[in-house]
Amino acid sequence: MPKRPKKLWLMKSEPSTYSIEDLARDRQEPWEGVRNYQARNYMREMSKGDLIIFYHSSTTPPGAAGVARVSCEAYPDPTQFDEKSPYFDPKSKKEDPRWSLVDVEFVEKFAQLIPLQTLKDDPALKGMLVTQKGSRLSVQPVEQKHFQRVLKMAGATTKLA
DNA sequence: GCCAACGTTGGC
DNA sequence: GCCAACGTTGGC
């Protein structure tokens, strides 16, 4: 198998639903419930080993909370077929599943959350999707220079390969 | 709680 | 295929 460079991502979660602390406890978690095609397509591009900035949204303040890692290739999200799940999708067919997910494993929790405003104020992060107004996408690609910069701001121990 | 920015749905 | 209505995300 040829090695390919790791891709880098940012994934948002409301900490009241699932936080970096929850992931630290669980070690690994299926990223259920993404119901946006663009976000789904990005998950389908992911490979085991890709690194993720774990972002806390809809909280005060929102911001980058830690680092996670993709732990498997995308597979069908089982909650789309579960009538009792809030993520149930009656239009999705078993033989042609509409929604995918990846499993995500804990890597590191930042000593301190890096607030969105701090990310926005840093000229080195100009162009990073999450700092742009109206960016609602819950799964986004991150450029290496931006990922590296966030790690540095956080004093993170994680190193890019 | 408000509302801007989008994505989705469905009538036509 | 257009687009109005509606729903959701997520910062503030």
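The structure presented is a predicted model; accordingly, all values stated were derived computationally and were not measured. Labels below follow one simple rule: chain letters A, B, ... track the order of the sequence lines, proteins then strands, and each chain is numbered from 1.
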Restricting to pairs with a member in residues 112-161 of chain A, which pass ring pair (Phe, Tyr, Trp, His ring centres under 6.0 Å), not counting sequence neighbours? none
Whole Å only: how far is the CZ atom of A:Arg40 from the P atom of C:dT8? 19 Å
Is the closest side-chain heavy-atom distance between A:Thr59 and A:Glu14 below 4.5 Å? no
Verify the cluster assignment for A:Val107 and A:Ile114: are they in a single hydrophobic cluster under the rule of side-chain heavy atoms below 4.5 Å apart? yes
Residue set satisfying side-chain contact (heavy atoms from CB on, under 4.5 Å) with A:Ala39, at least two apart, ordered chain then number -> A:Val34, A:Asn36, A:Leu137, A:Ser138, A:Val139
Report yes or no: do A:Thr79 and A:Asp82 form a side-chain donor-acceptor pair below 3.5 Å? no
Look at A:Asp22 together with A:Arg25 and state whether they make a salt bridge at an N to O cut-off of under 4.0 Å. yes
Should we count CD of A:Gln112 as having more than 12 external heavy atoms under 6.0 Å? no
Check: residues 128-135 of chain A side-chain donor-acceptor pairs under 3.5 Å, at least two apart:
unit_1	atom_1	unit_2	atom_2	d
A:Thr131	OG1	A:Met128	O	2.7
A:Gln132	NE2	A:Gly127	O	3.1
A:Ser135	OG	A:Leu129	O	3.3
A:Ser135	OG	A:Gln140	NE2	3.0

Might you list the N or O atoms of the protein lying below 3.5 Å from N or O atoms in nucleotides 1-6 of chain C, with each pair's distance?
none

What residues 75-86 of chain A contributes to the DNA chain C interface at heavy-atom separation below 4.0 Å is none
Residues in ring pair (Phe, Tyr, Trp, His ring centres under 6.0 Å) with A:Phe110, at least two apart? none
Residue list, side-chain contact (heavy atoms from CB on, under 4.5 Å) with A:Asp122, at least two apart or on another chain: A:Ala124, A:Leu125, A:Arg149, A:Met153
Partner set under side chain to side chain donor-acceptor pair (under 3.5 Å) for A:Arg27, not counting sequence neighbours: none
Detail all sub-3.5 Å separations between protein N/O atoms and N/O atoms belonging to nucleotides 9-12 of chain B.
none

Only counting residues at least two apart or in another chain, list the ones meeting ring pair (Phe, Tyr, Trp, His ring centres under 6.0 Å) with A:Phe54. A:Trp31, A:His56
For residues 113-130 of chain A, which residues have at least one heavy atom under 4.0 Å from DNA chain C? A:Leu116, A:Lys120
Examine the base of C:dT8 for any acceptor or donor lying under 3.5 Å from a partner atom in the side chain of A:Arg136, and report the outcome as yes or no. yes
If you look only at distance, which donor and acceptor atoms sit under 3.5 Å apart when one is on a side chain in residues 154-161 of chain A and the other is two or more places apart or in another chain?
unit_1	atom_1	unit_2	atom_2	d
A:Thr157	OG1	A:Glu108	OE1	3.4
A:Thr157	OG1	A:Glu108	OE2	3.3
A:Thr158	OG1	A:Glu108	OE1	2.4

